[in-house]
Amino acid sequence: MRDASRSNEASRNYHMRILGIETSADDTGIALIEATGEFGVDFRFLVRANEVASQQHAQYGGIYPNVAKNEHIKNLPLLLEKVRYTCADMPDVIAVTVGPGIEPCLWTGITFAQKLAAQWSVPLVAVNHMEGHIIMSLMRHENQNAKIKNQNGMQEFEYPALALLISGGHTELILMKEFGAYEYLGRTRDDAAGEAFDKVARLLGLPYPGGPEISRLAAEARNKNIESAVKLPRPMMHEDNFDFSFSGLKTAVRRAVEAEPLDETKKLVLAREFEDAVADVLVGKTLRAVEEFGAQTVLVGGGVSANTHIREELGRQLSTASCQLLVPPPSLATDNALMIALAGYFRAKRGEFAEPGTIIANGTMTLI
Ligand code: KG4
Ligand code: ZN
């Protein structure tokens with residue numbers, strides 16, 4: 001064993017070794033962590049490996065389930081080999097994402113996890129992908145741009161906590177009363193925030209995934225101080241509820257694109273105005289929920305939480321409201337298996353193991 005001395009030391013200090021597997025959308029992830037302690041009390045963990053393979057869907061402008069599924073099938077054994085090379089120790093538990101997500105993709109992870117569990121005689125834990133995003137935002141890291149340190153624990157925070165989950169498939173405001181106890185306050189009625197970024201990017205002729213591309217152009221527009229002549233709507237921002245809608249915003253961008261030829265400057269200003277509009281709505285609705293529920297903490301998760309402008313706007317407004325903001329490091333905001341291993345640990349601690357052979361993929365799985 002290549003890493004025997006370090007792993008022996010680790011095994012003395014940590015109580016459980018968890019292999020996490022993530023295949024809910026277009027990123028394949030396998031991670032191995034060692035962890036100990038209770039949620040919010042004395043939790044500590046060590047990242048032994050965290051491998052992600054992101055698929056190249058740029059040429060399609062989105063995810064094609066069957067292409068993504070075949071990529072997962074190809075990537076999983078390769079990633080496992082990398083993880084096992086870094087740490088050959090057997091896990092105590094295998095945690096796998098069972099939903100929400102693209103069902104053919106979820107099945108590839110589940111099937112792979114079940115085979116490993118049988119081969120190694122270790123129990124399985126079924127993890128909700130969105131709980132993974134929540135847990136990731138609660139992990140301690142030095143600053144917004146830092147990676148999670150190898151050995152780490154949880155941020156201190158107070159309840160009630162509000163989770164703003166913004167990803168390619170979801171946009172949700174959730175009240176978190178404790179680990180595992182969630183209440184949905186609102187969600188998108190049409191497109192998810194990340195989906196809107198991806199679709200608008202496509203309209204602007206930018207590659208997939210659109211979030212980082214739009215963010216780059218918007219930052220350039222802000223640096224050069226170019227304002228948009230077109231004012232986009234802030235859908236549902238002032239409505240007295242916690243729901244969102246982004247498809248009208250996308251349509252407004254399409255109209256603006258079709259109105260006159262799309263030159264580089266127009267791309268910059270539209271990217272900026274679009275990002276401003278999304279940030280305004282997300283921040284506005286989150287603040288409304290903070291006030292109504294007396295939230296002490298807001299945690300943000302999902303791929304869109306990597307967005308610098310949205311983080312900065314949330315940070316600015318929440319500090320005025322004396323509310324703590326917790327965000328994951330940008331590199332761990334998008335899908336990864338570390339978050340699944342972490343969520344799996346807390347579920348395993350509660351003894352929530354899945355009967356082998358009974359796990360099913362649930363594309364529309366909720367947190368309650
Ligand atoms: O959580 P995630 O990796 O996958 C899902 O569970 O959906 O989120 C992916 C989404 C994509 O729509 C992508 O465009 C968006 O996150 N995204 C961003 C940024 N980075 C990724 N959106 C805005 N700004 C970013 N910097
Ligand atoms: Zn996600």
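Both counts, for ligands and for their atoms, begin at 1 and track the order of listing. The first residue in the sequence is number 1, and the count goes up from there.
- Close approach of ligand 1 to Gly169 is summarised as follows: ligand atoms under 4.0 Å from at least one heavy atom of the residue are 7 (O).
- Between Phe246 and Phe244, the ring planes lie parallel to each other; the angle is under 30°, not in the 30° to 60° tilted range.
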**Stepwise ring-ring contact (aromatic ring centres under 6.0 Å, His included) test for Tyr14 and Tyr345** = CA-CA 12 Å; Tyr14 295 89; Tyr345 169 75; 9.6 Å; no

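- Considering backbone and side-chain atoms alike, His133 places an N or O below 3.5 Å from some N or O of ligand 1.
- The environment of CD in Glu352 is crowded: more than 12 heavy-atom neighbours from other residues, nucleotides or ligands sit within 6.0 Å.
- Among protein heavy atoms, the minimum distance from atom 24 (N) of ligand 1 is reached at Asn307 ND2, 3.0 Å.
- Residue His129: an N/O/S atom is found under 2.8 Å from the Zn ion (ligand 2).
- Distance check, rounded to the nearest 0.5 Å: CD of Glu22 to CG of Leu106 gives 8.0 Å.
- Among the atoms of Gly302, none of the N or O lies under 3.5 angstrom from an N or O of ligand 1.
- Ligand 1 has no nitrogen or oxygen under 3.5 angstrom from a nitrogen or oxygen of Ala333.
- By the neighbour-count criterion of 12 heavy atoms within 6.0 Å, atom CD1 of Ile360 is sparsely surrounded, having that number or fewer from other residues, nucleotides or ligands.
- Residue contacts with ligand 1: Phe197 is placed with no nitrogen or oxygen under 3.5 Å of a nitrogen or oxygen of the ligand (distance criterion only).
- Here is the list of ligand 1 atoms found below 4.0 Å of a heavy atom in Gly168: 5 (C), 7 (O), 8 (O), 9 (C), 10 (C), 12 (O).
- Taking 4.0 Å as the cut-off between side-chain N and carboxylate O, Arg84 and Glu81 do not count as a salt-bridged pair.
- Heavy-atom proximity to Gly210, at under 4.0 Å, picks out these atoms of ligand 1: 14 (O).
- One hydrophobic cluster, built from ILVMFWY side chains closer than 4.5 Å, holds both Met339 and Val125.
- Atom 18 (C) of ligand 1 has as its closest protein heavy atom Gly211 CA, 3.5 Å.
- Using a 30° and 60° split on the angle between ring planes, Phe43 and Phe346 fall in the tilted class, from 30° to 60°.
- Checked by distance only, ligand 1 and Pro209 stay at 3.5 Å or farther apart across all their nitrogen or oxygen atoms.
- For atom 3 (O) of ligand 1, the closest non-hydrogen atom on the protein side is Asp335 N, 2.9 Å.
- The protein heavy-atom contact nearest to atom 14 (O) of ligand 1 is Asp198 OD1, 2.7 Å.
- Of all atoms in ligand 1, listed by their number and element, those nearer than 4.0 Å to a heavy atom of Thr334 are 3 (O), 21 (C).
- Per-residue contacts place His129 under 4.0 angstrom from the following atoms of ligand 1 (heavy atoms of the residue considered): 6 (O).
- Nearest non-hydrogen protein atom to atom 20 (N) of ligand 1 is Gly303 O, 3.5 Å.
- Residue-environment remark: CD (Gln119) exceeds the threshold of 12 foreign heavy atoms within 6.0 Å.
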**Prompt:** How far apart are the C-alpha atoms of Lys267 and Leu262, what are their side-chain angles, what is the distance that settles it, and do they pass the side-chain contact (heavy atoms from CB on, under 4.5 Å) test?
**Reply:** CA-CA 7 Å; Lys267 274 191 197 177; Leu262 189 62; 3.9 Å; yes

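- Residue contact check: Gly194 has heavy atoms under 4.0 Å from atoms 12 (O) of ligand 1.
- When the Zn ion (ligand 2) is compared with the N/O/S atoms of Asp335, atom OD1 turns out nearest.
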